Amino acid sequence: MTATTIEHDAMRRALDIARNGPRGINPQVGAVLLSPGGDIIAEGWHRGAGTPHAEVDALSQLAPGAARGATAVVTLEPCNHTGRTGPCSEALLDAGVARVVYAVADPNPRSAGGADRLHAAGVEVVQGVCHDEAADLLASWFTVQRLGRPHVTVKWAQSLDGRAAAEDGTSQWITGAEARADVHRRRGRADAIVVGTGTVLADDPSLTAREEDGGLRPHQPIPVVLGRSEVPTDAAVRRHPHSLLQYDGDLDAALADLRERGVHRVFVEGGPTIASAFLRAGLADEMLVYLAPVLLGGSRLALTDLGVPSIDQARRLDVARIERLGDDLLIVARPHDARTPEGEES
C-alpha cells in the first residue's frame with residue numbers, strides 16, 4: 001500500500017504547520033485531515049505540553065461525524081499512550097477515520113504502537129511518507145528519546161587544505177558572507193551554543209544569532225562555555241540576552257545538565273579543541289563543515305586528535321547534503337552508525 005500524490009502533498013503541508021508548534025520536551029507534529037475525495041477539511045498541530053496532540057487538534061475543528069471515512073496525514077505515528085492527553089489512535093478510531101498516513105515511527109516505547117492499534121481495528125495504514133523530511137524536523141527529539149541527551153551539531157569552517165586559521169592565528173573570515181549568514185540562521189534554531197574558554201579569550205564572541213542587518217534574531221541560544229578558565233567580566237558573551245552557563249571539561253555532565261534545563265538542540269561552535277572533543281567522545285549527531293576555496297597551509301588544523309590510530313578505525317560519515325553558499329560549500333554529515341526510526345512506505 002502506497003500513498004497518493006494528494007497524500008504526499010498533504011504530508012508536506014503537515015510538516016509546514018508542525019513548525020508552528022514550540023520546540024521543547026514534546027515533538028513538533030502536524031496533521032492534515034482529507035475528505036474521502038481528497039480535499040483538506042481540517043489541520044492541526046501540537047501546541048505544547050498538556051495541549052491536544054496534532055490529530056486531536058485537527059479533529060476538534062470538525063463537527064461530530066464529519067471525519068468519518070477521512071484520511072489522517074500525520075508527521076509522527078499516532079500515539080497509543082495515555083498521559084496528560086489520551087491516545088491519538090483511539091481518537092482517530094472514535095472519529096471514524098478510515099486511513100492514516102504517517103511519516104516516521106514513534107521511537108518512545110511508552111507511546112508507540114498506534115499504527116498497530118489502528119491496523120488491528122481495520123484502518124488502512126501507510127508509513128514512511130516524507131520520512132527524511134520528518135526525521136530532520138524531529139532530529140533533536142529523536143536524540144533525546146534515544147540517548148537521553150540533547151542533539152549535538154558540531155560546526156566548523158575550514159580551508160580546502162583543512163586549516164581553521166592562518167599560521168599567525170587569524171581566521172576572520174575564512175568563509176564569505178552567505179556562509180556566515182547561514183550559521184546565524186542555524187544559531188537561531190538552536191537552544192544553546194557552545195564554545196571553549198580558549199575561543200572566548202582569543203576571539204571574544206557574543207554567541208548571539210543575528211539577522212543579516214545585524215539585529216538580534218527573535219530566538220537566542222543560551223551561551224555555554226566549556227573550561228575552567230574564568231570568563232572576563234567585560235567579555236561580550238556576558239552581554240548576551242541569556243545568562244552565561246559555564247561547565248568544566250566533562251561533556252557528558254554538561255549535556256546532562258542542559259537536558260535538565262530543557263535544552264534539546266546544542267550548537268557547538270568552538271575551535272578545533274572543543275569540536276574534536278565532541279567528535280572524539282562520539283557526541284556529535286550532525287556535522288556542518290563550511291568549506292572555503294582558499295589554501296592556508298601551516299599547522300592550524302580544523303580538527304585535532306580524534307582517537308583514530310589507523311585507517312580501519314576511521315569515523316565513517318554519511319553525507320546528508322551539500323549546499324553552495326556563495327563561493328563556499330556546506331557539507332552536512334552525520335555518523336554512519338546513527339539511526340532514525342524506520343519508515344519505509346508499506
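Everything numeric here is computed off the predicted structure, so don't read it as measured data.
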Where the side chain of [X] meets the backbone of [Y], is there a donor-acceptor pair that is under 3.5 Å apart?
X	Y	result
Arg210	Glu212	no
Asp116	Gly113	no
Arg68	Ala66	no
Ser276	Thr273	no
Arg315	Arg280	yes
His240	Leu207	yes
Arg238	Pro232	yes
Glu77	Asp106	yes
Gln246	Ser229	yes
Asp285	Val152	yes

Heavy-atom closest contact ([X] atom, [Y] atom, distance):
X	Y	value
Pro78	Val100	CG-CG1, 4.0 Å
Leu138	Leu76	CD1-CD1, 4.2 Å
Pro223	Val237	CB-CG2, 3.6 Å
His46	Pro27	CD2-O, 3.7 Å
Thr199	Gly271	OG1-N, 3.3 Å
Val29	Ala54	O-CB, 3.5 Å

Linking I/L/V/M/F/W/Y whenever any side-chain heavy atoms sit under 4.5 Å apart, do [X] and [Y] land together?
X	Y	answer
Leu244	Leu226	no
Leu283	Val144	no
Val308	Leu301	no
Ile40	Val56	no

**Message:** Pairing donors with acceptors under 3.5 angstrom, does anything connect the side chains of Thr175 and Asp328?
**Reply:**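 Checked: Thr175/Asp328 side chains show no N/O donor-acceptor pair below 3.5 Å.
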Between [Y] and [X], is the closest basic N to carboxylate O distance under 4.0 Å?
X	Y	result
Arg261	Asp257	yes
Arg12	Glu133	no
Glu7	Arg99	yes
Asp182	Arg186	yes
Arg13	Glu43	yes
Glu323	Arg321	yes

Look at atom [atom1] of [X] and say whether more than 12 heavy atoms of other residues, nucleotides or ligands are closer to it than 6.0 Å.
X	atom1	result
Arg228	CZ	no
Asp16	CG	yes
His219	NE2	yes
Glu230	CD	no

**Request:** For Arg187 and Glu269, run salt bridge (charged side-chain N to carboxylate O under 4.0 Å, His left out): C-alpha distance rounded to whole Å, both residues' side-chain angles, the deciding distance at 0.1 Å, then the answer.
**Result:** CA-CA 9 Å; Arg187 284 185 182 185; Glu269 202 177 341; 2.8 Å; yes
Working to the nearest 0.5 angstrom, can you tell me the gap between [X] [atom1] and [Y] [atom2]?
X	Y	atom1	atom2	result
Glu178	Arg324	CD	CZ	9.5 Å
Tyr102	Met11	OH	CE	10.0 Å
Leu279	Ile274	CG	CD1	11.0 Å

**Item:** Trace of the salt bridge (charged side-chain N to carboxylate O under 4.0 Å, His left out) decision for Arg259 with Asp191
**Value:** CA-CA 10 Å; Arg259 171 68 183 89; Asp191 301 317; over 6 Å; no
